[in-house]
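Note that the structure is a prediction, hence the values are computed from the model and not measured.
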Amino acid sequence: MSTNTKCFKCHEHLTHLEDIFQCSICNNQIHYFCNGISEINFRKMSKNTKARITCTTCTTKPNSKPTIEPTTKLEDKIEDLIKSVSFMSQKFDTFETKLENIFKEIKSIKNDNEQIKIENARLTKDMNELKHKIEQIEQQNLGVSIEITGIPKTENENCLDIVKKIGEIIKTNVNVTEAKRITMEKSKTSIIIAKLESKENRSQLIRNSKLNRLNSNMLVKNWSVENKIYINEHLTKERRILFAKSRQVAREKNFKFVWINNADILIRKDENSRISRIRSINDLEKLIPF
C-alpha cells in the first residue's frame with residue numbers, strides 16, 4: 001500500500017498503515033473507522049481476517065461477498081457473554097461464601113441457644129429446689145399448729161377456750177398453748193390458728209374431728225348444723241394453694257384420697273394404689289396430667 005493513497009471513503013491521505021485495510025472485492029484502501037469498524041475490533045483481527053474485509057459499498061452491491069462485520073459482532077457478543085458469565089460466576093462465588101458464613105453464624109447461634117436452654121433448665125431446677133427449701137423452713141416455723149375453719153366469729157371470743165371445747169366434744173385431750181383468729185388474704189375466710197404441744201396431739205385431734213363430723217351446732221346450740229367445722233394442719237400459703245389444687249384435680253380425675261401428714265401433701269388413687277407425695281405443681285402434673 002502507498003502512503004500517498006487516499007481513503008476511498010473520506011478521501012484523506014492514508015498516512016498510518018495500521019489504520020487502513022484493503023477491500024477484498026474492489027481493492028480500495030479505506031480507514032477502518034470510515035468503514036464503521038471499531039478500533040478494538042479492528043486491532044483484534046488477524047491478518048487473514050483483515051484480508052477478507054469488504055467495504056460497505058461492496059457489501060451493499062448485489063451478489064457481493066458478505067462483510068466481516070456480522071462475524072465481528074458475533075465475536076463481540078460471545079466475548080460479552082463470556083464476560084457476563086465470568087462476572088456472574090464471581091458473584092455466585094461471593095454469594096456462596098456469604099451464604100456459608102451465614103450458615104456458620106446460624107449454627108453458632110443455634111449452639112448458643114441450646115446452651116442457654118440447658119443453663120435455664122438448670123437454673124429453673126435450682127430455683128425450684130431453693131424455693132422448696134425456703135417453703136419448708138417457713139412450714140417448720142409454723143410449728144405444731146392446726147387451722148380450724150367453719151366457726152362463726154363472735155365479739156369477745158376466746159379462741160383458746162373454743163379449741164379446748166372442741167377437744168371435749170370429740171373426747172380428745174388438747175394441749176393448746178396459743179390460739180388466735182386470722183383472716184385469709186384473698187378468700188377473706190376467717191379461721192382459728194392454734195398451736196399444740198406435740199405432733200401426736202395434733203394428729204389425734206385432726207383424726208377424731210373427722211370421725212365425729214364436727215359442725216358449729218355442737219359448740220353453740222343456736223348455730224347451724226349445716227355449718228361444718230374442719231380441722232387441718234396449719235400450712236404455709238404456698239402449700240395451702242397446692243393442697244387446694246391437688247384436691248381439685250383429684251376430684252376431676254377420680255382420685256379417692258388427698259390428705260396432709262406432717263405438712264406433706266399425700267395423694268392416692270384408691271386403696272390398692274401407692275401413695276405419692278406432692279411437692280409442687282410439676283409433681284401433680286406428672287402424677288395426674290391436667
Side-chain angles (χ1 to χ4, degrees), residues 131-251 257-268 275 277-281 284:
K131 183 179 178 182
H132 179 68
K133 288 179 180 179
I134 293 173
E135 200 272 338
Q136 278 187 316
I137 294 172
E138 290 178 355
Q139 185 64 55
Q140 290 172 359
N141 289 336
L142 294 179
V144 186
S145 301
I146 57 171
E147 53 185 57
I148 307 171
T149 59
I151 298 178
K153 184 178 182 181
T154 58
E155 291 185 10
N156 301 319
E157 65 182 359
N158 189 316
C159 293
L160 199 65
D161 289 342
I162 292 174
V163 178
K164 290 180 179 179
K165 188 172 183 180
I166 290 175
E168 293 174 1
I169 293 171
I170 61 177
K171 298 179 180 179
T172 304
N173 183 31
V174 179
N175 298 316
V176 56
T177 60
E178 182 182 345
K180 61 181 178 180
R181 184 181 290 274
I182 64 171
T183 301
M184 309 303 293
E185 294 180 4
K186 291 187 178 181
S187 63
K188 303 300 181 182
T189 303
S190 178
I191 66 174
I192 291 177
I193 303 297
K195 181 182 291 186
L196 305 182
E197 285 188 349
S198 67
K199 291 182 179 180
E200 292 76 14
N201 193 198
R202 181 178 64 185
S203 298
Q204 186 180 23
L205 181 64
I206 293 173
R207 181 173 61 254
N208 291 344
S209 69
K210 292 179 179 178
L211 292 174
N212 286 272
R213 299 181 182 275
L214 284 171
N215 64 72
S216 60
N217 181 258
M218 294 178 177
L219 294 176
V220 179
K221 293 298 181 182
N222 62 346
W223 284 354
S224 173
V225 177
E226 302 299 325
N227 192 21
K228 305 298 180 183
I229 295 176
Y230 299 98
I231 301 177
N232 290 295
E233 294 182 28
H234 185 32
L235 302 177
T236 63
K237 177 182 176 181
E238 294 297 327
R239 199 161 296 198
R240 185 184 296 109
I241 293 172
L242 181 59
F243 182 48
K245 183 65 176 179
S246 298
R247 293 176 62 187
Q248 175 191 344
V249 174
R251 284 194 300 269
F257 306 106
V258 183
W259 72 100
I260 298 290
N261 184 28
N262 291 326
D264 286 333
I265 302 171
L266 304 177
I267 190 166
R268 192 179 189 184
I275 298 173
R277 179 187 294 179
I278 304 300
R279 296 174 55 188
S280 66
I281 288 293
L284 189 60

With rounding to the nearest 0.5 Å, note down the distance linking [atom1] in [X] to [atom2] in [Y].
X: His234; Y: Ile260; atom1: NE2; atom2: CD1; value: 12.5 Å
X: Ile265; Y: Arg247; atom1: CD1; atom2: CZ; value: 11.0 Å
X: Thr236; Y: Ile134; atom1: OG1; atom2: CD1; value: 12.0 Å
X: Thr149; Y: Asn227; atom1: OG1; atom2: CG; value: 9.0 Å
X: Ser280; Y: Lys245; atom1: OG; atom2: NZ; value: 13.0 Å

What pair of heavy atoms forms the shortest contact from [X] to [Y], and how long is it?
X: Met218; Y: Arg213; answer: CE-O, 3.5 Å
X: Gly150; Y: Ser216; answer: O-CB, 4.1 Å
X: Val176; Y: Ala194; answer: CG2-CB, 4.0 Å

[X]: partners by side chain to side chain contact (heavy atoms under 4.5 Å, CB included), with sequence neighbours left out:
X: Arg268; result: Phe257, Trp259, Ser273, Ile275
X: Val144; result: Leu196, Lys199, Arg202
X: Ala263; result: Gln139, Glu233, Leu235, Arg239
X: Ile182; result: Lys180, Met184, Ile191, Ile193

Sequence neighbours excluded, every pair satisfying salt bridge (Lys or Arg N to Asp or Glu O under 4.0 Å) that has a member inside residues 143-155: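 Salt bridge (Lys or Arg N to Asp or Glu O under 4.0 Å) check on residues 143-155 returns Glu147-Arg240.
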Of all pairs that satisfy salt bridge (Lys or Arg N to Asp or Glu O under 4.0 Å), the ones with a partner from residues 219-229, not counting sequence neighbours: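 Qualifying pairs, neighbours excluded: none.
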Among residues at least two apart in sequence or on other chains, which ones pass salt bridge (Lys or Arg N to Asp or Glu O under 4.0 Å) with [X]?
X: Arg277; value: Asp264
X: Arg181; value: Glu157
X: Glu138; value: none

side-chain hydrogen bond (donor to acceptor under 3.5 Å, both in side chains) against Glu200, all qualifying residues, sequence neighbours excluded: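 Per chain and number, Glu200 pairs via side-chain hydrogen bond (donor to acceptor under 3.5 Å, both in side chains) with no residue.
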All side-chain hydrogen bond (donor to acceptor under 3.5 Å, both in side chains) counterparts of Ser145, not counting sequence neighbours: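 Not a single residue meets the side-chain hydrogen bond (donor to acceptor under 3.5 Å, both in side chains) criterion with Ser145.
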Side-chain (Asn215) to main-chain (Asn217) donor-acceptor, under 3.5 angstrom: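 Indeed, once roles are kept as given, a pair shorter than 3.5 Å links the two residues.
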Under 3.5 Å: donor-acceptor pair, side chain of Asn201, backbone of Asn173: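 Checking the backbone N and O of Asn173 against the side chain of Asn201, a donor-acceptor pair under 3.5 Å is found.
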Asn222 atom CG, neighbour heavy-atom count above 12 within 6.0 Å: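 Yes, CG of Asn222 has more than 12 neighbouring heavy atoms, counting only those of other groups under 6.0 Å.
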Quiz: residues 159-172 side-chain donor-acceptor pairs under 3.5 angstrom, not counting sequence neighbours:
unit_1 : atom_1 : unit_2 : atom_2 : d
Asp161 : OD2    : Asn158 : ND2    : 3.2
Lys165 : NZ     : Leu219 : O      : 2.7
Thr172 : OG1    : Ile170 : O      : 3.2
Thr172 : OG1    : Asn208 : ND2    : 2.7

